[in-house]
Amino acid sequence: MQISVGAKKAIKIGTLCSVSYLAVYIARNILSAVTPQMTEVGYDKGYIGTISSVYFICYAIGQLFNGIVGDRVKAKWMISLGLMLAGISNVVFVLCIDVKMLAPAVYGLTGIFLAMIYGPMTKVVAENTDPIYTTRCSLGYTFASFIGTPTAGFFAIFLDWNGVFFVGSAILAVMGIISFVVFSMFEKKGFIKYGQYKIEKKEKIVGGVKILIKHRIILFSLISIITGIVRTSVVFWLPTFISEYHGLGSEVASVLFSVTTFVIAFTTFISIFVYERLGHNMDKTMVIMFFTSAIFFTLTYFIKQPVIGIITIVLAIMSCNGAATMLYSKYCPSLRDTGMVSTATGYLDCLSYIGAAIANLVFANAVGVIGWQNLILIWLALVVAGLLIVLPYKKIFKSKKKQCETIIESEEFSAE
C-alpha cells in the first residue's frame, strides 16, 4: 500500500518531534529516578523535594512564557536552543549540588530551558500536518514523554546518580544539534512552514482569551492541574514509594521504576483506543479514565502486598494519564484554527507544573507526618475531584428533565 505525501510528511515531522521530546523527558525524570540513591548517600528528602519544586515552578513559568513566544518564533530555534541550554545547566547543577542556595536555582534554569520545547512543537505539528495525522504525531511524542521516565530509570540501574545526570546532559546536547539540522532541512524542503494560522490584531488579547474560553479552556485548566500532579509529582515519588512503603530498597526500586514507567508509557495508545471505541468522544473518555483511576487508588490504599500494590498504583497512574492524553493529544492540537496552539499548550502545561510543584513540597513533607498510606488518600481525592469536574452535568440534567416530563405526561394520560 502506497503511503500518501501527507502521511510521509507527518511521519518525518512526528519522528523528529518524538525523538527530541524523548531527550527532554529523560532529562526531566533523572532527579526522580536517582532520588533513592541520593537519600542513601545522605541527601535529605526535603532538600530534594525543594529542588524538584523549584524546577517545576520554573518549568511552569517557562511553559507560559515560551508558549507565547513559540507562537512568534520558529520552532527550530526554540527547540534546539532549549535542548542545548538545558544540557549545559544540568552539568552545572551536578557540580554545585552541595551549594544549597545555588543548586535549586540552577536546576530551575534547566526547567526554563526544557520548557522551550513543548508549545512550539505542538504548534509546528498542528500547523503542518493534516488533522487525521496530527493526533498520531502528538500521540508519538506523548508516548516518547512516558518512555523517557523508564529510560532515566534504566540509566539509574547501572550508573551512580551524578553519572546519570551527565549522560542526560550529553543526550540533550546531541539532540539539540540534530534537531537544528533536521528542522533546517525540513524548512528547505517545504515540509515545515510557519504562521499559517494567525489571529487578527484586534483579536489578539481580549479576543484571544474569549476564543479560548469558548473552547472550554477553563475546564481543561482544572484537568491540567489534577493530571499534572498525578503524572508528574506522584510519578516523581514512585521510586521512593516503592523503596520505603513496600520496603524493597533503592536498587530494586530503580529496576521496578524503570519497568513500571515503561508500562505507563503505553497509556497513550490505550486511551486513544478507548477514545475511538467511544465514537471519538473526548468527554466520555475522560470520565472513564478518572473513574478507573479512583478505583485503582482505592485498591492501592487497602492492598499492602508489594507486587499487587505496585500493580494497582501503576494502573491508577495510567488511568489518570489517559485523561491527560485527551488534553494534550486531542484538545491542544484542535486549537490550530485559533492560531494559539503554542500559547494554550504552554498555559495548560504551566498550570500542570504549578500544581506539581506545590504538590511536591506537600508530599515531601507530608510523608514524615501522615505516612505513605494517608498520602494515597490524597492522591485518591485528586482523581475523584477530576471525575466530578468532567461529569457531563448538562446532559445528566437534560436526561433527568426528559424523564420527569415523560413521567408527568404518562400520568396525565392515565388520569384522562
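Heavy atoms only: backbone and side chains are in, while hydrogens, waters and symmetry mates are out.
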Please report the shortest heavy-atom distance between Cys320 and Thr227, naming the atom on each side. O-CG2, 3.8 Å
Kindly assign one of parallel, tilted or perpendicular to the pair Phe241 and Trp372, based on the angle between their ring planes and the thresholds 30° and 60°. perpendicular
Under the criterion side-chain contact (heavy atoms from CB on, under 4.5 Å), which of Thr300, Leu248, Leu315 is the partner of Ile310? Leu248
From SG (Cys17) to OH (Tyr21), nearest 0.5 Å: 11.0 Å
Flag the pair Ile30 / Phe155 as yes when at least one side-chain heavy-atom distance between them is below 4.5 Å, and no otherwise. no
State whether the side chain of Ser53 and the backbone N or O of Ala357 hold a donor-acceptor pair below 3.5 Å, judged by distance alone. yes
Could you go through Leu238 and Phe257, starting from their C-alpha distance and side-chain angles, then the distance that decides it, and tell me whether this counts as side chain to side chain contact (heavy atoms under 4.5 Å, CB included)? CA-CA 7 Å; Leu238 185 58; Phe257 181 63; 4.2 Å; yes
So Ile288 and Leu278, side chain to side chain contact (heavy atoms under 4.5 Å, CB included) or not? Walk me through it. CA-CA 10 Å; Ile288 289 173; Leu278 293 174; 3.5 Å; yes
Ile217 side chain reached by Leu348 side chain, heavy atoms, under 4.5 Å: yes
Sole residue of Val54, Asn90, Leu102 in side-chain contact (heavy atoms from CB on, under 4.5 Å) with Tyr107: Asn90
Test side chain to side chain contact (heavy atoms under 4.5 Å, CB included) applied to Lys8 and Phe191, step by step: CA-CA 10 Å; Lys8 288 180 180 178; Phe191 287 170; over 6 Å; no
Side chain to side chain contact (heavy atoms under 4.5 Å, CB included) between Phe266 and Asn321, worked out: CA-CA 10 Å; Phe266 290 91; Asn321 283 356; over 6 Å; no
Spatial distance of atom CD1 (Ile264) from atom OG (Ser319) [nearest 0.5 Å]: 10.5 Å
Side-chain heavy atoms of Leu81 within contact of Met116, under 4.5 Å: yes
Donor-acceptor check, side chain of Ser233 to backbone of Val230, threshold 3.5 angstrom: yes or no? no
Salt-bridge test for Lys76 and Glu187: reply yes if a basic N is under 4.0 Å from a carboxylate O, no otherwise. yes
Enclosure of Phe154 CZ (heavy-atom neighbours >12, cutoff 6.0 Å): no
Please determine if Asp283 and Arg216 form a salt bridge, counting it only when a charged side-chain N lies under 4.0 Å from a carboxylate O. yes
Find out whether Val383 and Phe296 are in side-chain contact, i.e. whether some heavy atom of one side chain is under 4.5 Å from a heavy atom of the other. no
Going by heavy atoms in the side chains, are Ile192 and Lys74 under 4.5 Å from each other? no
So, Tyr275 versus Thr325: side-chain donor-acceptor pair below 3.5 Å or not? no
Neighbour count above 12 (heavy atom, 6.0 Å) for Phe166 CZ: yes
Interatomic distance, Ile218 atom CD1 to Ile389 atom CD1 [nearest 0.5 angstrom]: 12.0 Å
Trp161 versus Val41, closest heavy-atom pair with distance: NE1-CG2, 4.4 Å
Looking at Ala385 and Ile226, what are the two nearest heavy atoms and their distance? C-CD1, 4.0 Å
Heavy-atom side-chain proximity of Phe236 to Ile48 below 4.5 angstrom: yes
Rounded to the nearest 0.5 Å, the CD1 atom of Ile117 sits from the CD atom of Gln63 at a distance of 8.5 Å
Do the side chains of Ile112 and Ile61 get nearer than 4.5 Å, heavy atoms only? no
Intermediate values then yes/no, side-chain hydrogen bond (donor to acceptor under 3.5 Å, both in side chains), Tyr43 and Asp98: CA-CA 9 Å; Tyr43 288 100; Asp98 294 318; 2.8 Å; yes
Work out which heavy atom in Leu16 is nearest to a heavy atom in Phe186; give both atom names and the distance. CD2-CE1, 3.9 Å
Do Lys304 and Gln373 touch side chain to side chain, with heavy atoms closer than 4.5 Å? yes
When rounded to the nearest 0.5 Å, the distance separating CE of Met286 from CG of Leu387 is 11.0 Å
Among side-chain atoms of Tyr301 and Asn374, is any donor-acceptor pair under 3.5 angstrom? no
Might you point out which heavy atoms bring Gly111 and Tyr59 nearest each other, and give the distance in Å? O-CD1, 3.2 Å
Check: Ser224 side chain, Phe220 main-chain N or O, donor-acceptor pair, under 3.5 Å: no
Could you measure the distance from the CG atom of Leu212 to the OG atom of Ser221? Nearest 0.5 Å is fine. 9.0 Å
What is the minimum heavy-atom distance between Ala23 and Leu172, and which atoms define it? O-CD2, 3.5 Å
Do we get Lys100 above Tyr47's six-membered ring, with its NZ or CZ under 6.0 Å from the centre and within 45° of the axis? yes
Taking Asn128 for the side chain and Lys193 for the main chain, is one N or O donor matched with an acceptor at less than 3.5 Å? yes
Side chains of Tyr328 and Asp349: donor-acceptor distance under 3.5 Å anywhere? yes
Does Phe273 have Arg277 sitting over its ring (NZ/CZ under 6.0 Å from centre, angle to axis within 45°)? yes
Just by distance, no angles: are the side chains of Thr110 and Ser89 close enough, under 3.5 Å, to form a donor-acceptor pair? yes
